[in-house]
Amino acid sequence: MSDTENEKPKLGMRQPLGLKRTVETGQVKQSFSHGRSNTVVVEVKRRRMLGPQTGAPQEEAAPPPAPVAAPPAPPAPAPRPAAPAGETAQERQARLLREAEDQRMQANEEARRREERERAEAAEAEQRRLEEKARAEAEAAKPPVVEAKPEPVAEVAPAPAPAAAPDAAPVTPAPAPVAPPAPPEPVSLQLDSTRPAPRLFTPVQRPEIPRPAPAKPEPAAAAAPAATASAPANAGGAAAGAPRGPNLGPNRAPARAPEPQRPQQRDRKGDERRGGKLTVNRATGGDDGARARSLAALKRARDKERRHSGPREPQAKQVRDVKVPETITVAELANRMAEKGADLVKALFKMGMPVTLTQTIDQDTAELLVTEFGHNIVRVSDSDIDLVLDTDADTEDALKPRPPVVTIMGHVDHGKTSLLDALRGTDVVRGEAGGITQHIGAYQVTLKDKSKVTFLDTPGHEAFSEMRARGANVTDIVVLVVAADDGLMPQTIEAINHTKAAGVPMIVAINKIDKPEANAQKVRERLLEHNIQVEEMGGETQDVEVSAKEKIGLDALIEKIQLQAELMELKANPDRAAEGNVVEAKLDKGRGPVATILVTRGTLKVGDVFVVGAESGKIRALIDDKGRQIKEAGPSMPVEILGLSGVPMAGDLLQVVENEARAREVAAYRASVIQNKRTTNTPASLESMFSALKEKQAMEYPLVVKADTQGTVEAIVAAINKISTDDIKARVLHAGVGGITESDVNAAAASGAPIIGFNVRPNAKAREIADRHKVAFKYYDVIYELTDEIRAGMAGQLGPEAFETVVGRAEIREVFSAGKHGKAAGLLVVDGAIRKALKARITRDDVIIYQGEIASLRRFKDDVAEVRAGLECGVTFTQNFTDIKAGDMLETFEVELRERTL
């Protein structure tokens, strides 16, 4: 398709605005010798003409317009050029369209110029009117002028002109002075509000190019300025301001014009516009682009100076303190000693140890090397990497009061969480599965007097013994909740023992006092059995009767807690690196590993780098017990932290360190210690060998446990291990925190183990893999339901238990032939009864020689079903047993299958 076809106008479309092309392309064919040719594309550029294209020259200046004249008539349209020969219809149409577009643009340009001219004339008229008005006002305000008498002026005769030289040209008379023309009236221009504002340009100073200093001037060049400077001095007789002609005076030649200064050659070294790549040194250096010496040149200069300066004096050997761990490589030891590795290897060869740089040597060998090379050894161990507990006591000035930490302990379903809800004004019980607490919770309550108390709520189920122990270890005061209608229970006694082991004071809260069967005095008497004497009975332990449901005695309980805390004078230093204990830890799906920390001293802030157990991290967020994000947490404040590298163990100590490298180093060391403990085999002994054989004889019940928090995982694993017996043993393949993933399903599928999910569920991919491998999921939210079902499952894997019941005993008196090959035994029933189809065994000298069933039972010639004691009968046995002798004993028994219980 040609260009003319593309330019063909279409109906309903307006031709787009544009300018005529100023570049025309064409092809020229070049011919060369030997029949060669080449086609070259050439372009012809034309000057763009924006004004009317007429035959008159554009450079001719227009005559000045008259002061008051009619607006000029529009220029006559340019004559239309004749159509070129051989023009097609499409080309003619395109040409006509271009000409029409040019005429339209010219008309627009003329209209714009006319508008600008009219605006300028209007502005001039307005300015002229204002000036005339101002001049008239000035003349009116002038005082009248009094004509003064002119003073006589003496006439001065003109000086005689000097005699002109005969060859001098006649001097033309000076013209009469002409009055200077009036200054032109200023014309004010105003901006047109209908047109866009003009662009503003900030003036930028032109950069000065540094040029080299000029060379010493020549004498001839120096004389020229001197002559030029003396010229005005010699012309002092001329009148000031008189025009100077070519002849300056008699017998005086005109001064020579100074010769134009030759252009100096540009210095390439000092030119900033020299070629080459722009480097950092050139861009930032202060040497105006001068080239700096390279490193190789500096090195060569240094080597040359060293050669010419002669041999250097031997330097004194520097003695270093070398830290040597329990094992170290030769290369690392050489690096720490700042010695050559080859020298160390040579010394070891002399000691009879052919080693290489990469081999490891022990601490004693390293000490020999260090002392031989004249250094001091500093023995360190791997445990030095770990953080040490800061046991230094803070000064009294730095200590400030802190809220008390109170732990609620007691038996399950004695109202611990209900009591805490009554104190906090919340309803945590409603959201708990099974109505029992299965996690340890931390809350901070603000009392009416604006003082704060931190409460820890511990589970009461027997499986959560470790949680209760942790709660007693991090607390200041223990509130022992005992139901008035139930008395002391096993977990209550366990809580008492934990409190005594922790050495913290105890307050007994006798709950459910509103029930009619409540007996608080009985509870106080039962506490005497465990050496706990309340104040009402002459002891030191405080007690209070409360009702969480009816909110009775809560103020008295708070008062006793505050009194006990005041006696203890609890203080901590908030202005130091934070330390705390992990109360609970879990793996959140959206937030990752989350740990509940109870700050013991210092202030924990967002951005702190910390180590907790075998995990490290940097605090990304702090969340209080009400779900609000805070910037820092002081002593005795429970917070959730985000930013952990993994889920720590409940009860681990959190310590803030100086940087992330130190945190990772400590965490890696602790993880390696845990791994070594897990993989190291204990030395074999006779007892361990027998116990291992016994364990191999017992059946295994594999399990995979996943729970929502770390403390729950510990409680479930401990409860499962308690279920194990000598016949079957529960084996936890994997226990972790968080949802059930694909790796958990694969681990369970390898050994056919069910997956226990406590308050967690599998993802879609895990369910798909489980369906493929037939892996069973078991979900629980109450721990005692979990233990009951696991106990039943382990018992089911063992199968039912068989119990034998002896029915009767008989003595074989005679042996008879029965048929061609069989034999029958004549019996005398001694005890019980002999029944048909019962299991029977024959003993000879108390050794079992046959165990089977009775095939037939006859008395005389009749088949009977039962023969009682004192009667005789004849029997035959299954399996055609014939090894029967007189005097053998027959014993019949029944086998009862019962379900096995653990």
Side-chain angles (χ1 to χ4, degrees), residues 279-281 284-285 292-392 577 608-611 614-618 645 655-676 680:
T279 61
V280 177
N281 292 333
T284 61
R293 298 181 67 184
S294 64
L295 293 178
L298 291 174
K299 187 177 180 181
R300 288 194 299 270
R302 196 175 296 115
D303 293 341
K304 183 178 180 180
E305 181 182 358
R306 190 181 299 115
R307 286 196 303 269
H308 289 288
S309 62
R312 299 176 60 183
E313 296 180 359
Q315 296 182 354
K317 185 177 181 62
Q318 185 177 0
V319 179
R320 303 177 184 273
D321 293 334
V322 183
K323 293 183 178 181
V324 180
E326 296 175 356
T327 58
I328 188 172
T329 62
V330 178
E332 178 64 21
L333 181 60
N335 188 20
R336 295 187 182 186
M337 294 168 57
E339 302 284 351
K340 294 182 179 179
D343 296 342
L344 268 69
V345 172
K346 188 185 299 183
L348 287 171
F349 266 85
K350 292 179 181 179
M351 295 179 187
M353 296 178 61
V355 297
T356 61
L357 286 175
T358 57
Q359 288 186 356
T360 304
I361 57 177
D362 57 0
Q363 202 171 37
D364 296 334
T365 307
E367 182 178 5
L368 294 175
L369 286 174
V370 171
T371 53
E372 183 177 347
F373 280 86
H375 299 288
N376 300 327
I377 185 171
V378 179
R379 287 177 174 263
V380 295
S381 61
D382 294 339
S383 59
D384 295 339
I385 300 175
D386 201 357
L387 298 175
V388 295
L389 292 177
D390 189 2
T391 57
D392 296 339
D608 284 348
V609 180
F610 62 90
V611 178
E615 307 295 338
S616 63
K618 184 176 182 180
S645 60
Q655 293 173 285
V656 174
V657 297
E658 57 272 11
N659 52 44
E660 295 186 23
R662 175 65 173 155
R664 286 193 295 267
E665 181 185 16
V666 175
Y669 168 72
R670 292 180 179 177
S672 64
V673 171
I674 295 173
Q675 182 71 15
N676 292 337
T680 302

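Heads up: numbering here begins at 1 and tracks the sequence. Note that the structure is a prediction, hence the values are computed from the model and not measured.
Taking Leu368 as the reference, Met351 meet the side-chain contact (heavy atoms from CB on, under 4.5 Å) condition, with sequence neighbours excluded. Partners of Arg336 under the salt bridge (Lys or Arg N to Asp or Glu O under 4.0 Å) rule, at least two apart in sequence or in another chain, are Glu332. Evaluation of the side-chain hydrogen bond (donor to acceptor under 3.5 Å, both in side chains) rule for Glu372 yields no partner, not counting sequence neighbours. Applying the side-chain contact (heavy atoms from CB on, under 4.5 Å) criterion to Val657, with sequence neighbours excluded, gives Leu387, Val609, Val611, Arg662, Ala663. When the salt bridge (Lys or Arg N to Asp or Glu O under 4.0 Å) test is applied to Arg300, no partner is found at least two apart in sequence or on another chain. For Thr365, the side-chain contact (heavy atoms from CB on, under 4.5 Å) test picks out Leu348, Met353, Ile361, Asp362, with sequence neighbours left out. Remark: Asp321 pairs with no residue by the salt bridge (Lys or Arg N to Asp or Glu O under 4.0 Å) rule, at least two apart or across chains. Take Thr360 and apply the side-chain contact (heavy atoms from CB on, under 4.5 Å) test, not counting sequence neighbours, and it matches Thr327, Thr329. Residues satisfying the side-chain hydrogen bond (donor to acceptor under 3.5 Å, both in side chains) test with Glu658, not counting sequence neighbours, are none.
For the side-chain contact (heavy atoms from CB on, under 4.5 Å) with Val370, the qualifying choice from Val378, Leu344, Asn376, Leu333 is Leu333, the only one to do so.
Nearest heavy atom pair, residue Ala334 against residue Gly341, reads CB-CA, 3.9 Å. Contact detail for Glu615 and Ala667: the closest heavy-atom pair is C-CB, 4.1 Å. Here the closest heavy-atom approach between residue Gln363 and residue Arg379 is recorded as OE1-NH1, 2.8 Å. For Ile674 against Ala614, the heavy-atom pair with the smallest separation is CD1-CB, 3.9 Å. Nearest approach of Phe373 to Met337, heavy atoms of both residues: CB-CE, 3.5 Å. Heavy-atom minimum distance, Thr356 versus Val345: C-CG2, 4.5 Å.
Side-chain atoms of Ser645 come within 3.5 Å of backbone N or O of Ser616 as a donor-acceptor pair.
Inter-residue side-chain proximity for Val324 and Glu367 is flagged as unmet; no heavy-atom pair is nearer than 4.5 Å. Side-chain contact between Val322 and Ile377: absent, with no pair of heavy atoms (C-beta onward) separated by less than 4.5 Å.
Pairs passing the salt bridge (Lys or Arg N to Asp or Glu O under 4.0 Å) check and including a residue from residues 667-676, sequence neighbours excluded, read Asp386-Arg670.
Rounding to the nearest 0.5 Å gives a distance of 11.0 Å between CD of Glu326 and CG of Asp364.
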